[in-house]
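These notes are about the structure you will find just below.
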2 protein chains.
Amino acid sequence: MLCVTVDNYLTDEDRSFLASYDPRAFPPVAVTVDLVILTVRDGELCVLLIRRGEPPQRGRWALPGGFVGPDETLDEAAARELAEETGLRAGAHLEQLATFGDPGRDPRMRVVSVAYLALVPDLPMPIAGTDAAEARYRPIADIESGAVLAFDHGRILAEGVERARAKLEYTGLATTFLDEPFTVADLRRVYETVWGVPLHPANFRRKVLSTPGFVEPTGEKLATGRGWAELYRRGTTAHLHPAIPRPPAG
Amino acid sequence: MLCVTVDNYLTDEDRSFLASYDPRAFPPVAVTVDLVILTVRDGELCVLLIRRGEPPQRGRWALPGGFVGPDETLDEAAARELAEETGLRAGAHLEQLATFGDPGRDPRMRVVSVAYLALVPDLPMPIAGTDAAEARYRPIADIESGAVLAFDHGRILAEGVERARAKLEYTGLATTFLDEPFTVADLRRVYETVWGVPLHPANFRRKVLSTPGFVEPTGEKLATGRGWAELYRRGTTAHLHPAIPRPPAG
DNA sequence: TAAATAGTGTCTATCAGACAGTATTAT
DNA sequence: ATAATACTGTCTGATAGACACTATTTA
């Protein structure tokens, strides 16, 4: 294997050691990335699921994912999978979530899966890949109330949803769920949908607009709906000071 | 490979598919766990490092770690490594940090490393393993100011330290750095050491004691030092309400 | 007119941060 | 006596949460 990245760190001793090193002496392990792609549509928090078109567990709903290529970083593999499934290349938020590697979580072999979390705006339609019979955004509520996902994907999804809920509190990531421009009420509905609690409109507005860098006014106003509403774009601040406090129970 | 865990999920189709499945068709990848073991000693935040006794990068300081066994979960492998290096079996905090898998991060082969973060009290002495010439707790400040670690361990350490700093704010984990019983001043010194900022003793005391479940009084008093100080044990609450706010810069 | 929504202003309880001050012990 | 530390009490400014109120548009 060619490893130019750290080649300049190698000593002569390293080089002679590597010449006699056999990577195939280790038990076979596969490394994959699985994606928790969340979006908000029609007042519901939804996740992109694919129905498996190949065994094992053909016909069952699963998170999209795939093998990490030999020359890819983990982040690159996740970005490639996200683009393949949604068509999105930029504008979405993508971060590593956690890694799942219990023996027996996949019946084929030892599979260590690095899970990623993506937050995307409401998109036209997902793209069904070669190994997927069908791809669809499905409400979280449906999965939480019974529907069983393939492998340990239910647990991965639960961690992704919890991470997303927590991150809305102290980052400006809620705006990545929205197309620009948006109103303060649109942003509030994102929080209400993801957290599952109603928020006080007046207090929410005051907090959002008093947090520097959260949203930028476009100066335009939207006349649709009742009355009129000012329009905003995403701000530049990743970390919110102060945070948007999450109500205790939900 | 025997995979009983999800065996009852297998359909007849799955079983016939698996009979013709060859795990060795994939490029060889090794999965390891690396540990960021942090402690507070002599007013400094320290990390357990080993000096590599085998190539590659023999003689360079690195995080302790090792291969994940074929029948181990990732958490089990991390707990085993922690016990091997420190002798600790319980009482320490251990959580998954992030996964690092850039091609070329290890010159031997493609190595995907699942990093774990451990917070431990001040311990007698670390144990040098078979592949380590030496094991020592070294101050974070020494590494941040120049000392280069093996592979990408500098980046892993930086993420671990940042996670630890963030977690002190909203969890009761600071107490895992201390032997019981401890005083409020001991706990304050942990925060001051990890965050690198002085905290107001009076305000710190008020916040800690008004946060239910953070610390439990033993009823005893310690007469050493000037005056006397009340002694406490770790509380049961993992999540702090309200949080211990971290001062902005520093 | 009634209902729904965008936006403004105000009141109150709480908390962070700063500081004054007391009690106790080592030097 | 002086310095250092543990601990208590008080004051101020900021903010979360609740509510009242106006303006505007649709049904």
Side-chain angles (χ1 to χ4, degrees), chain A residues 43 168-170 174 178 181-193 195 197-233 237 239-250, chain B residues 43 168-170 174 178 181-193 195 197-233 237 239-250:
Chain A
L168 290 206
E169 214 168 335
Y170 58 95
L178 293 170
F182 52 83
T183 67
V184 173
D186 291 334
L187 186 60
R188 176 170 49 81
R189 274 185 286 270
V190 167
Y191 275 90
E192 291 176 332
T193 302
W195 284 350
V197 291
L199 296 177
H200 198 293
N203 294 338
F204 181 83
R205 176 187 175 76
R206 175 161 40 88
K207 274 182 280 194
V208 167
L209 297 184
S210 68
T211 302
F214 192 6
V215 296
E216 306 281 348
T218 64
E220 290 174 67
K221 295 188 183 200
L222 184 69
T224 185
R226 278 86 172 176
W228 42 270
E230 290 173 43
L231 289 169
Y232 297 86
R233 263 190 294 271
T237 304
H239 225 78
L240 298 185
H241 287 291
I244 308 291
R246 170 152 58 148
Chain B
L168 289 206
E169 212 166 337
Y170 58 93
L178 293 170
F182 50 83
T183 67
V184 173
D186 291 333
L187 186 59
R188 175 169 51 80
R189 274 185 286 270
V190 167
Y191 275 90
E192 290 176 332
T193 302
W195 285 348
V197 292
L199 296 177
H200 198 292
N203 294 337
F204 181 83
R205 176 187 173 76
R206 176 161 41 87
K207 274 181 280 193
V208 166
L209 297 184
S210 68
T211 302
F214 192 6
V215 295
E216 306 281 347
T218 64
E220 289 172 66
K221 296 189 180 199
L222 184 69
T224 184
R226 279 85 173 174
W228 42 269
E230 290 174 42
L231 289 170
Y232 297 88
R233 263 191 295 272
T237 303
H239 226 75
L240 297 186
H241 289 290
I244 308 291
R246 170 151 58 149

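A quick note: this is a predicted structure, and the numbers were derived from the prediction, not measured. Throughout, a chain's letter reflects where its sequence line sits, starting with A, and its residues are numbered from 1.
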>> I want to check something: taking the side chain as every heavy atom from C-beta on, are A/Asp186 and A/Tyr232 in contact at a cut-off of under 4.5 Å?
In response: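 They are not in contact (no side-chain heavy atoms under 4.5 Å apart), so the answer is no.
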Between atom [atom1] in [X] and atom [atom2] in [N], what is the gap in whole Å?
X: B/His200; N: D/dT5; atom1: NE2; atom2: P; value: 14 Å
X: A/Leu231; N: C/dA6; atom1: CG; atom2: P; value: 12 Å
X: A/Trp228; N: D/dT22; atom1: CH2; atom2: C1'; value: 11 Å
X: B/Asn203; N: C/dC15; atom1: CG; atom2: P; value: 14 Å
X: B/Glu230; N: D/dC7; atom1: CD; atom2: C1'; value: 9 Å
X: A/Lys207; N: D/dT15; atom1: NZ; atom2: C1'; value: 9 Å
X: B/Leu187; N: D/dA6; atom1: CG; atom2: P; value: 13 Å
X: A/Arg246; N: D/dG17; atom1: CZ; atom2: P; value: 13 Å

> Of all the nucleotides listed (D/dG17, D/dT8, C/dG9), which has the minimum atom distance to the side chain of A/Ala202?
Replying inline: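 Nearest to the side-chain atoms of A/Ala202, counting from C-beta on, is C/dG9.
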> Any side-chain N or O of A/Lys221 under 4.0 Å from OP1/OP2 of C/dA6?
Replying inline: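 No, because none of the side-chain N or O atoms of A/Lys221 sits under 4.0 Å from OP1 or OP2 of C/dA6.
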> Just to confirm, is there a sub-4.0 Å distance from OP1 or OP2 of D/dA6 to any side-chain nitrogen or oxygen of B/Arg205?
Replying inline: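 Checking B/Arg205 against D/dA6: no side-chain N or O falls below 4.0 Å of OP1 or OP2.
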> Shortest non-hydrogen contact from A/Ala174 to A/Leu187?
Replying inline: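 Nearest heavy atoms, A/Ala174 then A/Leu187: CB-CD1, 3.8 Å.
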> What pair of heavy atoms forms the shortest contact from B/Ala243 to B/Glu169, and how long is it?
Replying inline: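 Closest approach of B/Ala243 to B/Glu169, heavy atoms only: CB-O, 3.2 Å.
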>> Check the orientation of A/Trp195 and A/Tyr191. Use parallel for under 30°, tilted for 30 to 60°, and perpendicular for over 60°.
In response: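 Perpendicular.
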> Please walk me through it: do A/Lys207 and A/Phe214 pass side-chain contact (heavy atoms from CB on, under 4.5 Å)?
Replying inline: CA-CA 10 Å; A/Lys207 274 182 280 194; A/Phe214 192 6; over 6 Å; no
>> Over all strands shown, is B/Pro201 touching base, sugar-phosphate only, or nothing at heavy-atom distances under 4.0 angstrom?
In response: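 No contact at all - B/Pro201 keeps every heavy atom at 4.0 Å or more from the nucleic acid.
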>> Just to be sure I understand the rule, does B/Ala185 reach a base, reach only the sugar-phosphate, or reach nothing, if contact means heavy atoms closer than 4.0 Å?
In response: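 If one applies the 4.0 Å heavy-atom cut-off, B/Ala185 turns out to touch the sugar-phosphate alone, with no base involved.
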> Counting only distance, no hydrogens or angles, is the base of D/dG9 paired donor-acceptor with the side chain of B/Arg206 under 3.5 Å?
Replying inline: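 Between D/dG9 and B/Arg206, which were checked side chain against base, a qualifying N/O pair under 3.5 Å is absent.
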